[in-house]
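Input: a single structure, listed below in structure tokens.
Bear in mind that the values here come from a model prediction, so they are computed numbers and not experimental data. In what follows, every chain begins at residue 1, and chains take the letters A, B, ... in the order their sequences are listed.
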Number of protein chains: 2
Amino acid sequence: MRVSAKGENGVRAMTILALEFRAGPVPLREIAAREGLSYQFLEQIFLLLRRAGLITSVRGAKGGYALARPPEEIKVGEVLRVLDGPIAPVECVGEGNSDACGRIAACLTRGIWERLRDRMSEVLDEITLADVINTPADST
Amino acid sequence: MRVSAKGENGVRAMTILALEFRAGPVPLREIAAREGLSYQFLEQIFLLLRRAGLITSVRGAKGGYALARPPEEIKVGEVLRVLDGPIAPVECVGEGNSDACGRIAACLTRGIWERLRDRMSEVLDEITLADVINTPADST
DNA sequence: AAAAAGCCGAGTAATTTTATCGGGATTTGG
DNA sequence: CCAAATCCCGATAAAATTACTCGGCTTTTT
């Protein structure tokens with residue numbers, strides 16, 4: 001029941017872009033160095049994020065990536081959906097998908113996964129990147 | 001962000017044991033046939049569930065498996081923890097584990113995963129097998 | 001004794017995820 | 001105009017995980 005490394009690192013990278021939001025585009029190499037991640041792996045992640053419209057890119061020297069919207073307007077859930085696909089504990093309860101398996105009535109367990117999915121989306125969609133950078137580390 | 005096939009099928013199988021709770025031990029072959037699953041794969045699942053004390057087994061002819069406790073007293077979360085390990089969206093926030101990565105302060109994203117983990121556990125631990133077999137399919 | 005079950009370690013296959021490669025395309029600064 | 005910095009991107013290799021199988025053993029009932 002894990003988020004993928006793509007998802008985890010994507011959220012971290014987005015957090016950095018949120019921190020640097022006012023400073024203009026940040027080059028990938030910097031992020032990679034800062035988080036100790038493979039440049040090329042991050043590249044893949046950013047490709048997806050850009051295509052999904054969550055970040056913008058500037059090519060060439062002095063280029064880099066920046067959030068497409070302010071940190072307050074980007075939810076963690078959005079990032080995760082782009083990188084890991086729909087938030088769904090089992091295939092047959094993909095978001096917006098209420099009957100993929102064709103044996104709804106027979107499937108007593110379905111309700112579990114729907115409830116789980118809904119609560120997962122709920123948490124992830126109520127946290128924005130602004131929350132992430134403003135929350136003190138030990139607010140548990 | 002998926003539960004494994006082991007987890008999904010394990011919950012299904014446990015649901016059947018819940019339905020048959022008053023009828024005595026159910027043989028694996030029956031469950032496998034009923035759910036269209038591989039007998040041998042189910043065997044592995046049941047081995048884990050039994051070792052974890054969630055089910056009991058009776059060997060020999062007329063044998064089979066049964067819930068170790070009544071359906072009201074077995075939470076879906078317990079089943080899932082046995083089969084899929086601790087409920088934790090990323091490794092560093094394993095349940096009961098508050099500092100594995102050693103860079104807590106630096107890790108702004110950690111709070112996300114903790115909140116997610118807590119809500120996931122919450123849902124899964126508030127649903128018992130009795131709920132699963134008593135909830136009408138379309139209570140959405 | 002034979003059939004019906006569960007027990008179990010070890011091993012293979014399939015799938016998914018992670019990561020790398022190699023070469024392009026743009027932009028800036030000298 | 002050239003060189004360096006940077007993003008673009010399809011393809012593919014490597015690694016990890018997960019799913020599943022095998023084979024043989026033990027226990028209980030009839």
*Provide, to the nearest angstrom, the distance between the CD atom belonging to A/Gln40 and the P atom belonging to C/dG22.*
9 Å
*Among D/dC7, C/dT18, D/dT18, find the nucleotide with the atom closest to the side chain of A/Lys6.*
C/dT18
_d(CD, B/Glu8; P, D/dT18) in whole Å_ = 15 Å
*Using whole Å, report how far CG of A/Leu48 lies from C1' of D/dC8.*
13 Å
*Identify whether any heavy atom of B/Phe46 sits under 4.0 Å from a base atom; if not, whether one sits that close to sugar-phosphate; answer base, sugar-phosphate or nothing.*
nothing
_B/Glu126/A/Arg119 ion pair, N-O < 4.0 Å_ = yes
*Taking CD1 from A/Ile31 and P from D/dA5, how many angstroms apart are they, rounded to a whole number?*
18 Å
*Rounded to the nearest 0.5 Å, what separation is found between the CG atom of B/Leu129 and the CD1 atom of B/Ile16?*
12.0 Å
*Are A/Val11 and A/Ile133 connected in the hydrophobic side-chain network, where two residues link if heavy atoms are under 4.5 Å apart?*
yes
_As an exercise, state the distance from CE of B/Met120 to CZ of A/Arg117, rounded to the nearest 0.5 Å._
14.0 Å
*Using only heavy-atom distances, determine whether the side chains of A/Ser121 and A/Asp118 contain a donor-acceptor pair under 3.5 Å.*
no
_Does a side-chain N or O of A/Ser4 approach OP1 or OP2 of C/dT16 to a distance below 4.0 Å, or not?_
no
_Check ion pair B/Glu122-A/Arg115 (N to O, under 4.0 angstrom)_ = no
*asked:* Just the rounded figure in Å: distance from P of D/dA19 to CD of A/Glu91.
replied: 13 Å
*Any A/Val76 side-chain heavy atom under 4.5 Å of A/Thr128 side chain*: no
_Residue pairs, two or more places apart or on separate chains, that pass ring pair (Phe, Tyr, Trp, His ring centres under 6.0 Å) and touch residues 21-75 of chain B_ = B/Phe46-B/Tyr65
*Measure from CZ on A/Arg2 to C1' on C/dT18 and round the result to the nearest Å.*
15 Å
*Could you check how far CG of B/Asn9 sits from C1' of D/dT18, rounded to whole Å?*
12 Å
*side-chain hydrogen bond (donor to acceptor under 3.5 Å, both in side chains): which pairs involve residues 68-88 of chain A, sequence neighbours left out?*
A/Ser4-A/Asp84, A/Arg69-A/Glu78, A/Arg81-A/Glu95, A/Arg81-A/Asp125
*State, with a plain yes or no, whether a side-chain heavy atom of A/Leu108 is found less than 4.5 Å away from one of B/Thr135.*
no
_If you take any heavy atom closer than 4.0 Å to DNA chain D, which residues from residues 53-64 of chain B end up in contact?_
B/Arg59, B/Gly60, B/Ala61, B/Lys62
*Carboxylate-amine/guanidinium contact A/Glu20 A/Arg34, below 4.0 Å*: yes
*Once you round it to whole Å, what is the distance between C1' of D/dC8 and CD1 of A/Ile45?*
16 Å
*Among pairs that include at least one residue of residues 52-65 of chain A, which meet salt bridge (charged side-chain N to carboxylate O under 4.0 Å, His left out), considering only residues two or more places apart or in two chains?*
none
Dump the pairs, protein N or O against N or O of nucleotides 10-13 of chain D, anything under 3.5 Å, distances to one decimal.
unit_1 : atom_1 : unit_2  : atom_2 : d
D/dA11 : N6     : A/Gln44 : NE2    : 3.1

*Closer than 4.0 Å, any side-chain N/O of A/Tyr39 to the OP1 or OP2 of C/dC21?*
no
*asked:* Is the phosphate of C/dG6 approached by B/Arg50 (side-chain N or O, under 4.0 Å from OP1 or OP2)?
replied: no
_Of residues 13-28 of chain A, the positions that come close to DNA chain C - non-hydrogen atoms, cut-off under 4.0 Å_ = none
